[in-house]
Enquirer: 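My structure is below; once you've seen it, I'll send some questions.
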Amino acid sequence: MTDFDESGRAAPAATGGIAARAMAARGTRSPDYLAGLNPEQRAAVETTEGPVLVLAGAGTGKTRVLTTRIAHILNLGLAFPSQILAVTFTNKAAREMKNRVGLLVGGAVEGMPWLGTFHSIGVKILRRHAELVGLKSNFTILDTDDQIRLIKQLIQAENLDDKRWPARTFANMMDGWKNKGLTPKDIPEGDARAFANGKGRELYAAYQARLMALNACDFGDLLMHPIALFRAHPDVLAEYHRRFKYILVDEYQDTNVAQYLWLRLLAQRPKDVPQNVCCVGDDDQSIYGWRGAEVDNILRFDKDFQGATVIRLERNYRSTAHILGAASHLIAHNEDRLGKTLFTDAADPEDPKVEVNAGWDSEEEARAIGEAIEDLQRRENHNLNDMAILVRASFQMREFEDRFVTMGLNYRVIGGPRFYERMEVRDALAYFRCVCQPADDLAFERIVNTPKRGLGDATIRLIHDYARARAIPLIAAAGEMAETEELKPKPRATLRRVVSDFRRWSELLATVKHTELAEQILEESGYTEMWQNDRSAEAPGRLENLKELVRSMEQYESLPTFLEHVALVMDTEQNAEMDAVSIMTLHSAKGLEFETVFLPGWEEGLFPHQRSLDEGGRSGLEEERRLAYVGLTRGKRRVKIWFVSNRRIHGLWQSTIPSRFLDELPEAHVEVMEANTSYGGYGGYGASRWDGASAFKEAAYTTPGWRRAQAANAGFTNTGKSGGDGWSGGRTREINYGEGGNARAGRGHNQPPRQGFGLHSSASKGGPREIEGELVAKSVVTEASRFAEGDRVFHLKFGNGTVANVEGNKLTVDFDKAGQKRVLEGFVEAV
DNA sequence: CGCCGATCGATTTTT
DNA sequence: TCGATCGGCG
């Protein structure tokens with residue numbers, strides 16, 4: 001039924017045959033691309049057969065493993081490029097993978113048609129079998145705008161108050177259901193009831209029916225339909241089973257239930273066929289729970305795939321020992337994790353510790369960070385491109401932007417409103433969609449009256465009714481009505497004009513070059529003119545974007561190809577030419593790395609965000625902590641954390657207290673900085689403000705971390721300008737318990753390194769807790785563990801247990817209550 | 001149809 | 001506080 005491109009060719013056998021010959025031809029020497037891999041990476045690449053889960057910590061060479069694995073499979077002749085299914089979440093990741101595989105195997109990736117995002121692969125499958133789920137192969141893909149407008153119509157059709165039951169809310173709900181793989185009949189009663197007095201289920205069903213009538217899909221359907229298809233048509237599924245000899249999944253921790261179901265259908269073969277599925281991910285970097293990602297997918301991999309090989313990549317090639325130590329220690333506070341500890345061999349005594357800075361308010365924070373950036377730039381000759389500011393919430397960005405504008409510092413905001421989401425671009429695209437797909441009602445609705453042509457609600461309603469009654473597309477209905485008496489002369493004439501325009505453009509599709517046609521459409525429709533006449537400040541930018549849109553079409557062969565691309569990609573590449581500091585959210589920083597990373601806003605309520613705490617409870621907090629972990633591990637060499645004591649939230653100034661995450665950083669790797677603001681540090685204005693900052697002082701005293709700081713300070717200098725609040729002293733202060741008795745702290749509470757194991761050991765009253773950076777232990781200790789199999793140990797979280805296995809400084813312990821866990825030696829003590 | 005004032009709400013975001 | 005969005009009015 002489906003004509004796969006090389007259905008006629010015999011696939012290479014998984015073993016022997018071509019593979020054997022390839023191996024033989026190469027002799028016993030391993031190929032170059034394996035040369036630079038460490039043993040774990042190499043195992044991940046070479047274990048081609050059977051299910052494999054690669055737990056790849058931040059900066060451990062995950063992408064490298066994935067791409068090398070593909071290259072390896074190809075090189076051994078185990079499969080044709082078209083027999084490898086490689087799925088990513090973002091287009092960017094897909095692009096990068098394609099490029100890197102290309103570099104490894106030398107351009108032959110053209111033939112990797114099944115490397116892409118879940119959604120793009122979903123579309124591809126769906127286009128081949130559209131009829132089987134009730135669609136036509138040329139179905140359109142709705143964007144969020146279209147979706148909302150459609151839902152709004154449905155809500156109104158149900159005579160519901162669309163104010164009380166906003167379309168957006170329902171769109172989000174449906175999105176949630178689709179993320180879970182739920183069809184209208186599957187949604188739980190409670191959920192169905194939650195919207196519009198129990199009409200949720202009907203609305204969802206009505207929406208799906210409407211999409212079918214429109215021959216359209218939303219993003220969720222790109223996963224839902226293939227799942228339904230595979231379930232209802234085992235023969236089709238079997239074809240894909242035969243086709244995909246190897247399956248690879250990137251960022252597995254981010255998969256939602258629907259993606260998981262989709263994947264499981266494809267990956268779980270009949271008994272006799274090997275399940276060559278390799279999932280790569282990091283449970284510690286799962287930060288998309290709120291949009292349906294199920295960490296559980298990664299946690300139960302070996303249950304879904306019997307006999308799975310689990311490989312941990314823990315050797316980090318990105319960050320300094322201090323950064324890794326801080327990150328590892330922080331993330332160890334999470335309970336829901338498989339447990340991994342990053343380490344590096346590259347510990348340089350010159351490496352700066354992770355800095356923690358305090359500021360008065362967000363304005364000062366922005367100013368100080370701006371200065372720090374200039375310092376690095378001027379004194380150390382750093383590129384702005386190597387620095388990034390990672391914020392929790394986008395409102396934090398404005399302060400930095402304002403400041404950098406006045407300073408004249410180049411910056412780049414990553415992740416803002418995207419190109420294809422801009423109004424003018426969407427309008428233009430709607431025109432193109434109408435030309436290519438005359439049945440695209442939503443596109444037609446969007447632009448019938450843009451620019452204003454005097455076709456108001458009334459006229460549109462009439463067209464709608466007419467189209468509905470005869471079950472024809474809007475544009476066809478408009479065409480017919482333009483010839484009847486139903487409309488008043490004026491709108492009738494306009495409508496006739498519009499319809500004939502579209503007809504004409506459609507005819508030109510075959511003959512005129514698509515970029516020229518696009519220009520012509522924008523010109524003749526009056527759309528360009530509309531913006532030329534617009535006096536607002538944005539108008540020139542919008543015209544520029546329209547030009548850019550046409551320009552970006554160049555590289556596609558036709559208008560329809562371009563539209564398909566746009567529907568799935570929704571993004572254009574950033575120009576990385578100028579040297580600029582990046583400002584982005586922690587979420588969008590995942591996967592990136594920078595020499596220097598600034599992490600502002602570490603305050604309770606903002607980070608961890610209050611809403612995560614309220615809505616997500618413990619797991620919400622853990623996700624926030626993973627976010628902190630992601631933030632820290634973006635830094636290669638320098639990480640500078642900030643918190644302030646006053647922040648404006650919803651327009652009101654609120655005093656804030658330092659984030660609990662600060663208390664979860666190991667002191668051995670952290671340096672608490674003096675208030676190094678433009679007010680000249682301590683003294684004068686700066687100090688007096690601290691003095692007045694009762695909120696800060698109180699806050700500071702309430703969290704253990706700052707009590708620690710204070711304690712350290714008390715034994716240090718006691719200049720006591722402001723009553724020894726711990727911040728009035730001179731220079732930078734290092735808080736450095738537990739590391740080689742750095743006596744500056746001057747109190748008798750130091751412990752020798754690696755003996756003062758953290759968290760539990762000396763949390764005695766009054767004295768500061770001892771926290772030892774586990775990374776130090778990890779990277780320095782090579783001697784045998786102080787524990788042996790059978791030893792009884794105590795762990796602060798898991799309680800008492802018996803050591804089952806010792807592996808370096810990692811122990812596998814059978815806890816009496818908590819079951820078997822892998823823990824770091826540093827976290828248990830002998831009983 | 002278009003403009004203006006009231007009202008609401010305010011993490012994170014991909015496809 | 002600020003901004004987007006909606007309903008009412010001219």
Enquirer: OP1 or OP2 of B:dT14 versus the side-chain N and O atoms of A:Arg418: is any pair under 4.0 Å?
Expert: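 For B:dT14, OP1/OP2 do have a side-chain N/O of A:Arg418 under 4.0 Å.
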
Enquirer: Answer yes if the side chains of A:Ser612 and A:Glu624 hold a donor-acceptor pair under 3.5 Å, and no otherwise.
Expert: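 Distance-only check passes for A:Ser612 and A:Glu624.
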
Enquirer: How far does the C1' atom of B:dT13 sit from the matching atom of C:dC2, given to the nearest Å?
Expert: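 Going atom to atom, C1' in each nucleotide, I get 23 Å.
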
Enquirer: Please tell me whether A:Asp282 and A:Gln253 have a donor and an acceptor in their side chains that are separated by less than 3.5 angstrom.
Expert: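 The criterion, which ignores hydrogens and geometry beyond distance, is not satisfied for A:Gln253 and A:Asp282.
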
Enquirer: Do you see a donor-acceptor pair shorter than 3.5 Å between the side chains of A:Asp284 and A:Asn334?
Expert: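 No - no donor-acceptor pair under 3.5 Å links their side chains.
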
Enquirer: Output the pairing pattern of DNA chain B as a dot-bracket string, 5' first, Watson-Crick or G-U wobble with both distances under 3.5 Å, | for cross-strand pairs, [ ] for crossing pairs.
Expert: ||||||||||.....

Enquirer: Specify the closest pair of heavy atoms between A:Phe643 and A:Glu603, including all atoms of both residues, with the distance to one decimal.
Expert: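 Taking every non-hydrogen atom into account, CA-OE2, 3.4 Å.
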
Enquirer: Determine, for A:Arg625 against A:Glu664, whether the closest basic-nitrogen to carboxylate-oxygen distance falls under 4.0 angstrom.
Expert: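 A:Glu664 and A:Arg625: salt-bridged.
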
Enquirer: On the nucleotide B:dT15, are OP1 or OP2 found under 4.0 Å from the side-chain N or O atoms that A:Asn91 carries?
Expert: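 So the side-chain polar atoms of A:Asn91 do come within 4.0 Å of the phosphate oxygens OP1 or OP2 of B:dT15, strictly under.
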
Enquirer: Between A:Tyr207 and A:Asp218, does any side-chain donor sit less than 3.5 Å from a side-chain acceptor?
Expert: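 Note: A:Tyr207 and A:Asp218 side chains meet the donor-acceptor criterion.
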
Enquirer: Can you build the contact string for nucleotides 3-10 of chain C? Use B for base contact, S for sugar-phosphate-only contact, and - for no protein heavy atom under 4.0 Å.
Expert: S--S----

Enquirer: Using a distance-only test with no angle check, is there a side-chain donor-acceptor pair under 3.5 angstrom linking A:Thr255 and A:Asn297?
Expert: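 The answer is yes; a qualifying pair exists.
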
Enquirer: Any side-chain N or O of A:Asn179 under 4.0 Å from OP1/OP2 of B:dT14?
Expert: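 For A:Asn179, the contact criterion (side-chain N or O under 4.0 Å from OP1 or OP2 of B:dT14) is not met.
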
Enquirer: Regarding A:Asp283 and A:Ser286, do their side chains bring together a donor and an acceptor under 3.5 Å, going by distance alone?
Expert: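 Looking only at side-chain atoms, A:Ser286 and A:Asp283 do not form any donor-acceptor pair under 3.5 Å.
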
Enquirer: I want to check one thing: is the phosphate of B:dA10, taken as OP1 and OP2, less than 4.0 Å away from some side-chain N or O of A:Arg611?
Expert: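 Checking A:Arg611 against B:dA10: at least one side-chain N or O falls below 4.0 Å of OP1 or OP2.
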
Enquirer: Could you work out the separation of B:dT12 and C:dT5 based on their P atoms and round it to a whole Å?
Expert: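 About 15 Å, rounded to a whole number of Å.
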
Enquirer: Check this one for me: any side-chain N or O of A:Ser394 less than 4.0 Å away from OP1 or OP2 of B:dT12?
Expert: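 Checking B:dT12 against A:Ser394, a side-chain N or O does come within under 4.0 Å of OP1 or OP2.
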
Enquirer: Assess whether one donor atom and one acceptor atom, taken from the side chain of A:Arg392 and the base of B:dT12, lie less than 3.5 Å apart.
Expert: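 By the distance-only test, yes, there is a pair.
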
Enquirer: Measuring to OP1 and OP2 of B:dT14, would you say a side-chain N or O of A:Thr117 lies under 4.0 angstrom away?
Expert: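 No.
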
